[in-house]
Amino acid sequence: MTGRFISFEGIDGAGKSTHIQAVADWFRARGADVQLSREPGGTPLAETLRDIVLSQPMGSLTEVLLMFAGRRDHVETIIKPALAAGRTLLCDRFTDASFAYQGGGRGLPLAVLEPLADWVQEGTEPELTLWFDLPAGQAAARRVGREVGSREADRIEQLDLEFFERVRAGYAARAAKAPGRIVRIDASGTVEQVGAQVLAVLSARYPAC
Ligand code: TYD
């Protein structure tokens with residue numbers, strides 16, 4: 001039995017977390033056994049690495065190695081078993097985030113990222129990636145609204161608009177290379193407008209569901 005692996009991507013503030021719940025509900029309503037996870041994190045070890053990577057100062061190469069170390073544990077202990085059990089695994093970020101943030105944002109070359117991805121994933125790849133795309137300025141404005149009264153911005157969220165525009169360009173480059181897998185969602189509209197695009201993609205991809 002093989003399940004479905006679907007990932008959700010976008011710059012911080014794009015709104016992807018809101019829509020993951022709607023996608024989970026959509027699949028559950030069609031009888032799927034849905035499991036939610038996230039990166040960085042998803043396992044006790046990877047969540048510990050997440051706390052470190054989002055709070056401690058470090059170089060870009062250290063940052064990407066910790067992202068991929070956590071991902072390896074996540075792939076082995078959560079993702080592969082979930083897919084083997086036939087579940088629908090919805091993951092809030094996966095390897096595309098490393099290409100966008102550490103590649104586009106930090107400027108690490110593909111010659112570093114691609115071998116890491118190959119070693120760590122060993123062929124485990126999302127079949128569908130929903131990329132919530134919007135301009136960095138708009139995403140920053142949404143983050144300000146969200147952060148009032150909740151937690152403070154983490155080390156990466158504190159970076160400037162230019163960084164997030166590079167991350168966005170990193171996602172665009174990644175999407176251009178995998179047009180069948182990565183679907184761009186225009187995340188600049190209201191929750192209802194964005195949600196309608198997401199449901200349209202799901203109905204087209206999974207007509208038998
Ligand atoms: P995020 O999903 O935005 O967490 P939350 O919404 O709970 O704040 O992820 C945390 C940060 O980690 C985010 O700024 C993107 C970054 N990140 C990378 O830089 N590289 C990666 O490979 C991953 C998975 C995330």
Joint hydrophobic cluster, [X] plus [Y], side-chain heavy atoms closer than 4.5 Å:
| X | Y | answer |
| --- | --- | --- |
| Val112 | Met58 | no |
| Leu199 | Ile20 | yes |
| Leu54 | Leu65 | no |
| Leu45 | Ile79 | no |
| Trp131 | Val183 | no |

- Counterpart residues, side chain to side chain contact (heavy atoms under 4.5 Å, CB included), relative to Glu76 (two or more places apart):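 With sequence neighbours excluded, Glu76 shows a side chain to side chain contact (heavy atoms under 4.5 Å, CB included) to Arg72, given in chain and number order.
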
Distance (rounded to the nearest 0.5 Å) between [X] [atom1] and [Y] [atom2]:
| X | Y | atom1 | atom2 | result |
| --- | --- | --- | --- | --- |
| Leu66 | Thr48 | CG | OG1 | 11.5 Å |
| Ile11 | Gln138 | CD1 | CD | 9.0 Å |
| Gln158 | Ile156 | CD | CD1 | 10.5 Å |
| Asp96 | Leu113 | CG | CG | 11.0 Å |
| Ile78 | Leu36 | CD1 | CG | 12.0 Å |
| Leu89 | Ser7 | CG | OG | 10.0 Å |

- Assess whether side chain to side chain contact (heavy atoms under 4.5 Å, CB included) is satisfied between Phe27 and Leu202, documenting all intermediate values. CA-CA 9 Å; Phe27 277 110; Leu202 294 180; 4.1 Å; yes

- Item | salt bridge (Lys or Arg N to Asp or Glu O under 4.0 Å): pairs with one or both residues in residues 46-65, sequence neighbours excluded |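 The answer is Arg38-Glu47, Glu63-Arg106, Glu63-Arg155.
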
- Indicate, with yes or no, if the rings of His19 and Phe132 have centres closer together than 6.0 Å. yes

Which atom names give the shortest non-hydrogen contact between [X] and [Y], and what distance separates them?
| X | Y | value |
| --- | --- | --- |
| Ala14 | Ala139 | N-CB, 4.5 Å |
| Ala117 | Phe99 | CB-CE1, 4.1 Å |
| Asp12 | Arg143 | O-NH1, 2.7 Å |
| Leu49 | Gly70 | CD1-N, 3.6 Å |
| Arg181 | Pro126 | CD-O, 3.0 Å |
| Gly189 | Val194 | O-CG2, 3.9 Å |

- Step-by-step side-chain hydrogen bond (donor to acceptor under 3.5 Å, both in side chains) determination, Gln121 to Glu125: CA-CA 7 Å; Gln121 290 175 238; Glu125 177 94 298; 3.1 Å; yes

Side chain [X], main chain [Y], donor-acceptor under 3.5 Å:
| X | Y | answer |
| --- | --- | --- |
| Thr77 | Asp73 | yes |
| Gln197 | Asp186 | yes |
| Gln102 | Ser60 | no |

- Sidechain N-carboxylate O distance under 4.0 Å for Arg71, Glu39: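 A salt bridge links Arg71 with Glu39.
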
- Apply side chain to side chain contact (heavy atoms under 4.5 Å, CB included) to the pair Val34 and Arg87, showing each step before the final yes or no. CA-CA 6 Å; Val34 175; Arg87 298 201 189 101; over 6 Å; no

- Query: Taking only residues two or more places apart in sequence, or in another chain, which ones meet Asp92 in a side chain to side chain donor-acceptor pair (under 3.5 Å)?
  - Reply: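 Side chain to side chain donor-acceptor pair (under 3.5 Å) list for Asp92, sorted by chain: Lys16, Ser17.
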
Just list the side-chain donor-acceptor pairs under 3.5 Å for residues 159-170, sequence neighbours left out, or say none.
unit_1	atom_1	unit_2	atom_2	d
Asp160	OD1	Phe163	N	3.0
Glu165	OE2	Ala136	N	2.9
Arg166	NE	Gly105	O	3.1
Arg166	NH2	Gly105	O	3.0
Arg168	NE	Asp133	OD1	2.8
Arg168	NE	Leu134	O	3.4
Arg168	NH2	Asp133	OD2	3.4

- Query: Under the ring pair (Phe, Tyr, Trp, His ring centres under 6.0 Å) rule, what pairs show up with a residue in residues 49-95, not counting sequence neighbours?
  - Reply: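 Checked against ring pair (Phe, Tyr, Trp, His ring centres under 6.0 Å) - neighbours excluded - the pairs reaching residues 49-95 are Phe5-Phe94.
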
- Item | Audit row: Thr129, Phe8, side chain to side chain contact (heavy atoms under 4.5 Å, CB included) steps and yes/no | CA-CA 6 Å; Thr129 296; Phe8 297 76; over 6 Å; no

- Side chains of Asp33 and Thr88: closer than 4.5 Å at any heavy-atom pair? no

- Give the C-alpha distance, both sets of side-chain angles, the deciding distance and a yes or no for side chain to side chain contact (heavy atoms under 4.5 Å, CB included) between Tyr171 and Glu9. CA-CA 8 Å; Tyr171 276 123; Glu9 298 282 357; 2.6 Å; yes

- Check whether NZ of the Lys or CZ of the Arg Arg30 lies under 6.0 Å from the centre of the six-membered ring of Trp26 and within 45 degrees of that ring's axis. yes

- Query: side-chain hydrogen bond (donor to acceptor under 3.5 Å, both in side chains): which pairs involve residues 200-209, sequence neighbours left out?
  - Reply: Glu127-Tyr206

